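Here's the structure, in structure tokens; my notes come after.
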Amino acid sequence: MPELPEVEVVRRGLAAHLRGRYLTGVEVLHPRAVRRHSAGIDDFQATLEGRTFAEPRRRGKYLWLPFTDGDALVVHLGMSGQFRVDDEPADDRHTRVRFHLDDGRQVRFVDQRTFGGVHLSVEGAELPTEIAHIGRDPFDPEFDIEDAISRFRRRRSGVKRALLDQAIVSGIGNIYADETLWRCRIHPERACERLSRHAWREIIDAATAVMKEALAQGGTSFDALYVNVNGESGYFERGLAAYGREGSPCQRCGALIVREAFMNRSSFRCPRCQRTPPGTGALIRRPHQTGPRVVKS
DNA sequence: ACTAGCACCTGATCGC
DNA sequence: TGCGATCAGGTGCTAG
């Protein structure tokens with residue numbers, strides 16, 4: 001569920017609560033939450049005790065919480081993961097791991113669908129080896145847009161599939177991919193290699209802009225499954241132009257947004273603005289089409 | 001090496 | 001009211 005903006009909201013929330021804190025104990029309540037910790041549950045609980053947190057970091061949708069000793073706690077929220085820091089007793093049904101801090105507070109990893117998880121990465125403070133394959137996200141100071149464009153243009157797949165590939169540019173999920181392509185007026189099945197460098201630059205810029213706007217609104221929330229560490233929802237749902245708006249008029253042209261099956265999930269697009277048909281037939285007929293029109297924000 | 005498809009889970013909602 | 005089908009924002013593994 002959480003994409004880059006939502007994960008960044010969580011990172012900031014954790015930073016505020018973990019700064020200068022150390023762990024006095026850890027309780028694993030569901031084994032699946034630590035399945036990526038190869039040494040097992042008992043080791044996970046025991047090894048973390050006494051460690052002091054440094055500044056939480058993020059790449060794409062991955063979080064890691066470095067310790068001052070050079071190791072790190074790697075976190076992925078999956079589809080439904082949350083971190084909660086509550087002053088009052090809260091719904092504990094989906095609490096998977098409870099972290100006890102030296103200030104008496106507890107941080108809970110809550111995850112209904114258990115696609116998310118946590119594990120210790122030895123010497124992972126700078127960059128856990130487990131997530132070295134994840135590409136830099138557009139907010140990374142070392143993000144190389146020219147390299148990203150080159151890699152996108154080498155992909156033999158549709159544009160949306162490539163945007164969801166975390167190894168090229170990380171952080172973009174189903175929602176922000178749809179929003180990005182709506183802004184750029186590009187059909188999700190357009191072939192990657194047929195888009196110009198200029199078009200790809202516009203796509204990456206649009207993805208960066210929409211995620212930046214979402215972050216400023218505290219992220220996108222459709223329900224209680226995505227909330228910040230205090231249990232509060234973000235407000236970017238009202239900023240969405242395509243995702244989840246099946247049957248509503250396109251804000252640009254008035255055509256009704258359609259929903260289509262894509263990779264076992266849904267894609268939303270404007271049938272008029274994002275009209276270039278998929279398939280090689282269209283590409284063969286229009287091999288020298290000019291670059292896509294792009295919305296300037 | 002790259003790409004597509006599926007497995008991994010629980011719970012809310014929809015149609016009958 | 002109850003039941004099965006469907007759907008949900010992600011990643012990793014594996015077969016081709």
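Predicted model, so just to flag it, every value in this text is computed and none were measured.
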In whole angstrom, what separates [X]'s [atom1] from [N]'s [atom2]?
{"X": "A:M79", "N": "B:dA7", "atom1": "CE", "atom2": "P", "answer": "15 Å"}
{"X": "A:Q82", "N": "C:dG9", "atom1": "CD", "atom2": "P", "answer": "16 Å"}
{"X": "A:L77", "N": "C:dG10", "atom1": "CG", "atom2": "C1'", "answer": "10 Å"}
{"X": "A:D178", "N": "C:dA8", "atom1": "CG", "atom2": "P", "answer": "11 Å"}
{"X": "A:L164", "N": "C:dG10", "atom1": "CG", "atom2": "P", "answer": "7 Å"}
{"X": "A:Y176", "N": "C:dA8", "atom1": "OH", "atom2": "P", "answer": "17 Å"}
{"X": "A:Q166", "N": "C:dG10", "atom1": "CD", "atom2": "P", "answer": "8 Å"}
{"X": "A:F236", "N": "C:dG9", "atom1": "CZ", "atom2": "C1'", "answer": "14 Å"}

Drop me the distance from A:T52's OG1 to A:R21's CZ, to the nearest 0.5 angstrom. 9.5 Å
Please confirm whether [X] makes a cation-pi placement over [Y], using NZ or CZ under 6.0 Å from the six-membered ring centre and within 45° of the ring normal.
{"X": "A:R113", "Y": "A:F115", "answer": "yes"}
{"X": "A:R252", "Y": "A:W182", "answer": "yes"}
{"X": "A:R51", "Y": "A:F67", "answer": "yes"}

Check for me whether the distance between the ring centres of A:F83 and A:F109 falls short of 6.0 Å. yes
Of the nucleotides [options], which has the atom closest to the [X] side chain?
{"X": "A:R259", "options": "C:dC7, C:dT11, B:dG5", "answer": "C:dC7"}
{"X": "A:S266", "options": "B:dC8, C:dC7, B:dA4", "answer": "C:dC7"}
{"X": "A:Y62", "options": "C:dG9, B:dC9, C:dG12", "answer": "C:dG12"}
{"X": "A:R265", "options": "B:dA4, C:dT11, B:dG11", "answer": "C:dT11"}
{"X": "A:H76", "options": "B:dA4, C:dG9, C:dG10", "answer": "C:dG10"}

CZ of A:R156: more than 12 outside heavy atoms within 6.0 angstrom? no
OP1 or OP2 of B:dC9 under 4.0 Å from side-chain N/O of A:H30: no
Taking A:Q166 for its side chain and A:I172 for its backbone only, find out whether a donor-acceptor pair lies under 3.5 Å. yes
Can you check the distance between B:dG11 and C:dT11, where both ends of the measurement are the P atom (answer in whole Å)? 22 Å
In whole Å, measure the gap between the P atoms of C:dT6 and B:dC6 for me. 15 Å
Consecutive-pair stems (3 or more, Watson-Crick or G-U, under 3.5 Å) for DNA chain C: B:2-8 with C:10-16, B:10-16 with C:2-8
In terms of side-chain geometry, is the basic nitrogen of A:R201 or A:E146 positioned less than 4.0 Å from the acidic oxygen of its partner? yes
Report yes or no: is there a donor-acceptor pair, N or O only, under 3.5 Å between the side chain of A:R36 and the base of C:dG12? no
To check you understand the geometry: which heavy-atom pair defines the closest contact between A:P271 and A:V258, and what is its length? CG-CG1, 4.0 Å
Minimum heavy-atom separation for A:F152 to A:A162, with atom names? CE2-O, 3.4 Å
So which protein N/O to nucleotides 12-15 of chain B N/O distances come out below 3.5 Å?
none

Ring centroids of A:F115 and B:dC8 base under 5.5 Å with planes under 30°: yes
